[in-house]
Visitor: 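Okay, handing you the structure first.
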Amino acid sequence: MGLQAGPRERLDEWLRAGLEWVESSLNESLQEVESAPQQLQAAMRHALMAGGKRLRPTLVRYFAAVAGGDDDCARTPAIAIEMVHTYSLVHDDLPCMDDDDLRRGIPTVHKRWDEATAVLAGDALLTQAFALLAQHEDAAALVEVLAEASGPVGMVGGQVLDLTVALDPSGFDDAKAAARAVEEVHSLKTAALFRAACELGWIAGGGDSARRVAARTYGHALGLLFQATDDLIDVTGSAEGLGKTPGKDAALQRPTLVAALGMDGARERAQALATEAREAALALGLDEGTVAVDLVSHLLNRAH
Ligand code: GRG
């Protein structure tokens with residue numbers, strides 16, 4: 001990377017290096033389940049190795065480095081969070097939830113095999129994530145963070161709300177109140193894993209406990225921003241670009257920021273969330289020109 005590299009090139013280079021590291025780490029991690037039944041292994045591999053942006057594990061790696069650690073200490077929590085995220089996608093795509101045929105640009109697990117295989121492959125990814133984490137020298141703290149983020153007071157709780165709360169904007173005093181209710185769901189369903197990614201990296205890297213809270217705060221704002229832009233591109237994106245079926249949120253009456261605020265209002269809210277995330281990075285001592293700040297603009301730009 002030359003000295004003249006701009007923020008966009010710098011971030012692209014960092015994302016590319018992160019992606020390579022995540023892909024090879026995930027691939028290696030599947031060797032640990034080589035004695036599992038063939039079809040289960042194949043379904044786990046199909047879901048896990050189908051690409052994806054790998055943002056959560058890349059955040060683990062970044063925060064471990066910021067905290068003073070190296071890639072080796074970040075590897076297990078990075079793999080674990082991507083396994084948990086992938087399990088959630090496999091289950092979310094099932095007919096009893098979002099009923100999707102396409103994920104990461106390829107057929108969903110229940111389409112390629114069947115529903116039972118998809119349920120069990122998801123279960124296997126979730127349990128294997130914690131089996132790996134248990135081998136880390138900071139296992140107790142890491143398991144606590146990931147379990148809370150992914151369980152009933154985190155992602156699973158958020159998914160329940162997402163499935164059961166059909167947003168009726170007329171039931172709120174104003175659009176802002178509706179948007180706040182939507183963001184409560186987003187905080188659990190999506191931001192919980194982003195908070196956890198930053199915190200896992202921080203712990204694995206040996207960071208101090210005072211700035212651990214600041215790392216969480218950044219992850220929270222980034223996660224809400226990510227979901228805000230996800231709501232927007234679900235309306236504007238194509239199946240090819242998204243790797244999944246667009247327009248599902250409206251079809252399924254999901255509580256989205258677009259449903260609460262309209263497109264322009266959701267764009268404005270995304271901008272405000274980007275400001276919050278940038279301020280959280282600065283509070284952590286991560287200034288303009290760092291990956292943490294560049295990533296905020298990168299996510300915001302998805303919506304334009
Ligand atoms: C089934 C317990 C359970 C939870 C499901 C993650 C989730 C909760 C549902 C998936 C649907 C959805 C829109 C979730 C919000 C989070 C989100 C935008 C996930 C997609 O994450 P990306 O874009 O996916 O990082 P890739 O494929 O890039 O990893």
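Both ligands and their constituent atoms are indexed starting at 1 by order of listing. A quick note: this is a predicted structure, and the numbers were derived from the prediction, not measured.
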Visitor: Hey, mind stepping through Glu82 and Arg56 against salt bridge (charged side-chain N to carboxylate O under 4.0 Å, His left out) and telling me if it holds?
Guide: CA-CA 7 Å; Glu82 187 65 15; Arg56 297 153 192 82; 5.1 Å; no
Visitor: As an exercise, state the distance from CG of Leu200 to CD of Glu144, rounded to the nearest 0.5 Å.
Guide: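 Result: 11.0 Å between the selected atoms.
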Visitor: Could you tell me whether Arg216 sits above the aromatic face of Phe194, with NZ or CZ closer than 6.0 angstrom to the six-membered ring centre and within 45 degrees of the axis?
Guide: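 Cation-pi check for Arg216 and Phe194: fails.
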Visitor: For atom 12 (C) of ligand 1, which candidate among Met97, Arg103, Lys189 provides the closest heavy atom?
Guide: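 Closest candidate by heavy-atom distance is Lys189.
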Visitor: Would Asp93 and Lys111 satisfy salt bridge (charged side-chain N to carboxylate O under 4.0 Å, His left out), going step by step from the backbone distance to the final call?
Guide: CA-CA 10 Å; Asp93 290 333; Lys111 280 284 161 191; over 6 Å; no
Visitor: Please list all pairs passing the salt bridge (Lys or Arg N to Asp or Glu O under 4.0 Å) test where one or both residues lie in residues 175-189, with sequence neighbours left out.
Guide: Asp162-Lys189, Glu183-Arg269
Visitor: Check each atom of ligand 1 against the heavy atoms of Thr190 and keep those under 4.0 Å away; list them by number with element.
Guide: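 Every atom of ligand 1 under 4.0 Å from some heavy atom of Thr190: 15 (C), 16 (C).
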Visitor: Can you report which non-hydrogen protein atom sits closest to atom 2 (C) of ligand 1, along with the distance?
Guide: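 Of every protein heavy atom, Tyr87 OH, 3.3 Å lies nearest to atom 2 (C) of ligand 1.
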Visitor: Give a yes or no on whether Asp208 atom CG has more than 12 heavy-atom contacts from other residues, nucleotides or ligands under 6.0 Å away.
Guide: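 It does: Asp208 CG has more than 12 such atoms within range.
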Visitor: Just to confirm my output: which protein heavy-atom neighbour is closest to atom 10 (C) of ligand 1, and how far is it?
Guide: Asp92 OD2, 3.2 Å
Visitor: Report the member of Arg56, Gln227, His85 with the shortest heavy-atom distance to atom 26 (P) of ligand 1.
Guide: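 Result: the heavy atom closest to atom 26 (P) of ligand 1 is in His85.
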Visitor: Which ligand 1 atoms, with their elements, are less than 4.0 angstrom from a heavy-atom of Asp230?
Guide: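 The list of qualifying atoms is 13 (C), 18 (C).
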Visitor: In terms of residue, atom name and distance, what is the protein heavy atom nearest to atom 7 (C) of ligand 1?
Guide: Ser88 OG, 3.9 Å
Visitor: Need the ligand 1 atom indices (1-based, order shown) with element for anything under 4.0 Å from a heavy-atom of His91.
Guide: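 Listed by number with element: 1 (C).
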Visitor: Working to the nearest 0.5 angstrom, can you tell me the gap between Ser25 OG and Leu30 CG?
Guide: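 That separation rounds to 11.5 Å.
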Visitor: Would you please determine whether Leu55 falls within less than 4.0 Å of ligand 1 on a heavy-atom basis?
Guide: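 So Leu55 does not count as touching ligand 1.
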Visitor: Could you tell me the separation between the OG1 atom of Thr86 and the CD1 atom of Ile81, rounded to the nearest 0.5 Å?
Guide: 10.5 Å
Visitor: Return the closest protein heavy atom for atom 22 (P) of ligand 1 as residue, atom name and distance.
Guide: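 The protein heavy atom lying closest is Lys53 NZ, 3.4 Å.
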Visitor: Any atoms of ligand 1 less than 4.0 Å from a non-hydrogen atom of Val156? List them with their elements.
Guide: 2 (C)
Visitor: Hey, which atoms in ligand 1 end up nearer than 4.0 Å to a heavy atom of Gly52?
Guide: 26 (P), 27 (O), 28 (O)
Visitor: Could you see which bit of Gln159 sits under 4.0 Å from ligand 1, with heavy atoms only: side chain, backbone, both or neither?
Guide: side chain
Visitor: As a quick check of understanding, evaluate side-chain hydrogen bond (donor to acceptor under 3.5 Å, both in side chains) for Asn27 and Glu23, giving each step before the final call.
Guide: CA-CA 6 Å; Asn27 196 35; Glu23 294 301 326; over 6 Å; no
Visitor: Nearest to atom 27 (O) of ligand 1 by heavy atom, Met155, Arg104, Arg302, His186: which?
Guide: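 Considering heavy atoms of Met155, Arg104, Arg302, His186, the nearest to atom 27 (O) of ligand 1 sits in Arg104.
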